[in-house]
Amino acid sequence: MNPTIPTLTKAPPTADQGAAPAAAEDGYEAVTGLDKETVALKRTYEAEVEAKVASDYSHIVWAYGILWSLFCGFAIVLLVRGSRQQRDLQALRRELERRGEQAVDGP
Amino acid sequence: MSALLRSFGRPGVLLFAALVTFPYALQRVFLHTPIESEMGTAQKIFYFHLPMAWGLMLFAMISGVAAALQLLRRSERAEDVAKAAGEVCALLGIGALMSGAIWGDATWGTPWTGDARLVTTALLELVFIAYLIVAKFGGPMAGRLAAALAVFGALDVPIIYYSVKIWKTTHPKAQVVQSLPPEMWASLWPCLFAILACSFALFELRLRQERVERRLDEAWLALSAGDAAPAEHTALSGRSA
Amino acid sequence: MSASIIPCELRSVVKSFGRTAVLRGVSLALDAGQITGLSGINGAGKTTLFRILAGLEDADSGELVFGASGEVGLREGVREQVAFVTHAPQLYPLLSARENLQLFADLRSARGCETMPAREALMTVGLEAVSDQAVRTFSRGMAQRVVLARAIAARPSLLLLDEPFTALDTEGQELVLRVLLEAKERGASVLLSSHDLARLREVSDRVVRLHAGRLESPREPTGHEGAEGVKARLPESSATTRG
Amino acid sequence: MTPSLDDLRVDARSGVGPPSVLQNGSVTTLRQTWILARNDLRQELRELELLITSVFFTVVILALYAVSFAEMSKSAQPKAVPGMLWIALAFVGALTLTRVFEREREADTFGALLAAPVNRVAMYGAKFSVTLAVLCVCAAVLVPGLLLVFPSSGVEGWSALEMLATVLLGCAGFAAVGTLFAAGLAHGGGKNVLLSVVLYPLTTPVLMMSLVATQRVLQAHPGAWDILAKIAAVDVILLIVGGALFESVLVGGAARGSGGGDSSTGAGGARAPRTGEVGPDMLGDDVR
């Protein structure tokens with residue numbers, strides 16, 4: 001709604017508007033092409049589109065990046081928790097072994 | 001391959017499925033879906049944003065129902081489910097809100113509007129962040145308090161949505177998401193699948209950890225019971241051998 | 001009117017907080033007309049056991065069975081017949097002794113339970129003179145008496161006394177003993193805890209010890225167990241206080 | 001040795017059976033609710049502590065509003081003032097809830113009530129009513145105060161009756177959720193800070209609806225009653241859920257129904273005993 005990209009405020013003129021009055025007077029056909037104004041307008045258009053696409057792409061990259069890094073972050077949290085549990089389990093095993101030896105030795 | 005998958009279990013399979021679907025979804029989204037005329041390329045964010053928001057609702061419901069079962073039936077299984085779902089819910093909520101803000105910045109030029117869907121999502125996310133906070137710092141009754149919170153959170157989903165909508169009527173703004181053309185829907189499904197598969201995989205991994213934690217607690221408890229009754233020492237260690 | 005909740009039985013009650021086990025399978029039968037003494041060091045889980053019996057906390061596993069019909073769990077009908085006296089007086093400090101008692105009497109009468117009038121109950125504990133004073137002006141011992149009066153007023157079938165001698169003077173302790181005996185004669189079951197093992201043995205029909213989350217019989221047998229002994233020795237002998 | 005059970009029944013439960021109407025659960029619950037609420041009010045009348053602190057807090061907030069927003073334009077007032085009202089009520093509500101249960105926690109009288117034959121729903125209802133009453137008193141200060149400070153916030157001819165209904169219904173929704181969590185935190189020895197953490201996200205919807213209702217009432221909007229009816233519906237849902245969860249949150253598994261025993265749901269009843277051998281292998285394939 002309030003885009004940061006500069007916008008065209010007036011409609012682009014059509015090509016024949018600039019070309020028509022110059023035609024056929026001295027036997028020369030005017031080169032049908034784009035007058036400077038149109039070219040400038042076209043360039044502005046292109047720049048605008050480019051800026052919009054670039055901005056969109058950067059937004060997309062950010063959005064996708066954040067989404068998947070969130071998932072990865074959560075996965076890392078899970079891994080950390082899992083390894084903590086593994087350590088806990090090792091401690092439990094050691095404790096059981098210790099007790100097993102004690103029981104063999106007699107209380 | 002199948003042996004590998006089996007060793008990973010269901011979460012592994014789900015993660016693998018998500019991993020396979022993701023590139024397919026991406027190429028569909030970027031190569032086979034027309035660029036939305038009004039919002040431009042940035043609308044591609046939508047294909048992963050919407051599944052996250054839906055996932056948020058889904059896991060909020062799962063967590064709420066499980067929490068209700070936990071409270072009314074005293075089910076430990078339900079408690080684990082509620083907890084795991086609550087965490088995934090908070091995760092998806094952050095994802096949905098952040099991607100939404102980025103999308104909004106690209107298309108509307110502002111990361112936040114008072115749109116009903118945004119406020120609904122944000123409120124629900126707050127509820128589940130509160131859930132995590134209470135579960136962590138709630139003291140001896142943390143589990144039950146957090147469960148009640150999840151129940152109210154799930155119950156609040158329609159109420160929140162409705163209240164935000166009527167609140168909106170006093171500050172009217174344009175509709176944000178128009179009805180989608182069918183080709184966009186077609187691209188949405190693989191994205192939805194990828195996100196949900198990934199979420200469910202994480203959910204299940206979390207759930208397993210919750211169960212392991214419980215078993216470890218029980219094992220330590222039983223072990224300390226062995227301290228009290230020397231006669232049981234041998235029995236305990238005998239089993240472990 | 002519901003049937004008596006006695007005998008009451010705990011069946012392998014387990015309670016733990018995190019990785020700290022408090023009760024590791026406690027089974028205990030409380031019979032009619034019996035005073036059961038519960039001993040144990042600090043932190044042995046006596047208070048937790050009381051709280052579970054009074055319905056303030058639920059067990060992780062195990063059952064509470066009440067009455068001949070074997071009702072499981074502490075429903076309101078069961079709570080009607082339970083009185084719980086804790087070592088901390090649970091009274092509204094702003095209200096007078098009578099109002100405190102009246103509140104519970106009203107709550108009971110809303111359910112149609114008989115309750116001794118507040119005045120009468122306060123007379124029993126010797127507080128009728130101060131019955132209209134706010135409880136916050138009371139000493140610990142006086143407050144403890146009010147709690148006792150509340151317990152008496154309910155005419156409970158199951159009387160739970162967690163460290164009732166705390167903060168009581170000699171007279172107050174005798175009062176507790178009178179209450180115990182009265183309940184026993186009425187056919188109620190009493191569970192009583194105290195640090196004072198000698199006194200516990202003196203008043204109880206049997207003493208059980210809570211140690212490391214399990215119930216044990218006391219190590220050395222005592223000479224004066226059994227109802228006869230208690231009757232013979234009370235209340236005069238209770239004047240010899242310890243600690 | 002011991003008297004027979006029949007003797008006991010007579011001894012321990014002397015007296016005649018209660019009138020049949022008293023055995024009706026809901027009548028009992030209502031009566032107990034009233035007794036408990038009356039008890040709270042009686043204490044309150046002794047010292048007025050709750051009322052004085054809450055009303056004073058309200059006045060302070062009002063003064064802060066007056067200072068902060070003194071320059072507010074007339075056109076902004078109708079939108080801003082309802083927001084001020086409900087934000088203030090939300091703050092006062094949290095304060096009141098904390099205090100209401102703090103009083104029960106101080107001497108652990110909450111424990112005495114839980115051990116007594118009191119229906120938990122009655123306890124919930126009583127605390128809910130007391131909180132609601134205090135909030136209404138605060139609203140009675142807030143609403144005229146705000147209208148005095150921001151005279152352009154409403155149009156001529158808004159209805160005081162509608163305003164009363166709005167405040168009542170909005171505060172009821174807030175208190176319905178708040179009572180459950182404040183009780184849980186008080187009984188479990190939880191930290192009071194958590195009350196705000198829990199309360200505000202959960203009660204925002206109801207507060208938002210009340211805010212819209214207040215705007216409509218102040219603007220003499222014809223749709224005011226419509227939204228008030230919807231708030232009432234939400235209140236009923238919140239109250240039912242709050243009451244239903246009260247026992248489960250406070251003491252654990254609720255004993256449902258009467259008689260018999262479903263041992264898997266009884267309070268103090270049982271979950272399946274934890275069996276399982278101690279040893280690493282018991283963790284099975286859950287360990288990754």
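Scope of the values below: all heavy atoms of this structure, side chains included, with no hydrogens, waters or symmetry mates. Chain A is the first sequence line, chain B the second, and so forth, proteins listed ahead of strands; every chain is numbered from 1.
Looking at D:L238, both its backbone and its side chain come within 4.5 Å of chain B, counting heavy atoms on both sides. Both the backbone and the side chain of D:L202 come within contact range of chain B, each with at least one heavy atom under 4.5 Å from a heavy atom of that chain.
Side-chain contact between B:L72 and D:S248: present, with at least one pair of heavy atoms (C-beta onward) separated by less than 4.5 Å. No side-chain heavy atom of D:V197 sits less than 4.5 Å from a side-chain heavy atom of B:I129. Side-chain contact between D:V198 and B:L145 is absent, with no heavy-atom pair separated by less than 4.5 Å.
Among all heavy-atom pairs drawn from B:F152 and D:V241, the shortest one is CZ-CG1, 4.0 Å. Of all the heavy atoms in B:R144 and D:V249, the pair that sits closest is NE-O, 2.9 Å. Heavy atoms only, all atoms of each residue included: D:P201 and B:D156 are closest at O-OD2, 4.4 Å.
Environment of CE in B:M61: crowded, with over 12 heavy atoms of neighbouring residues, nucleotides or ligands closer than 6.0 Å. Within 6.0 Å of the CZ atom in D:R99, the count of heavy atoms belonging to other residues, nucleotides or ligands exceeds 12.
The distance from the CG atom of B:L155 to the CD1 atom of D:I240 is 10.5 Å, given to the nearest 0.5 Å. Rounded to the nearest 0.5 Å, atoms CG (D:L199) and CG (B:L149) are 10.5 Å apart.
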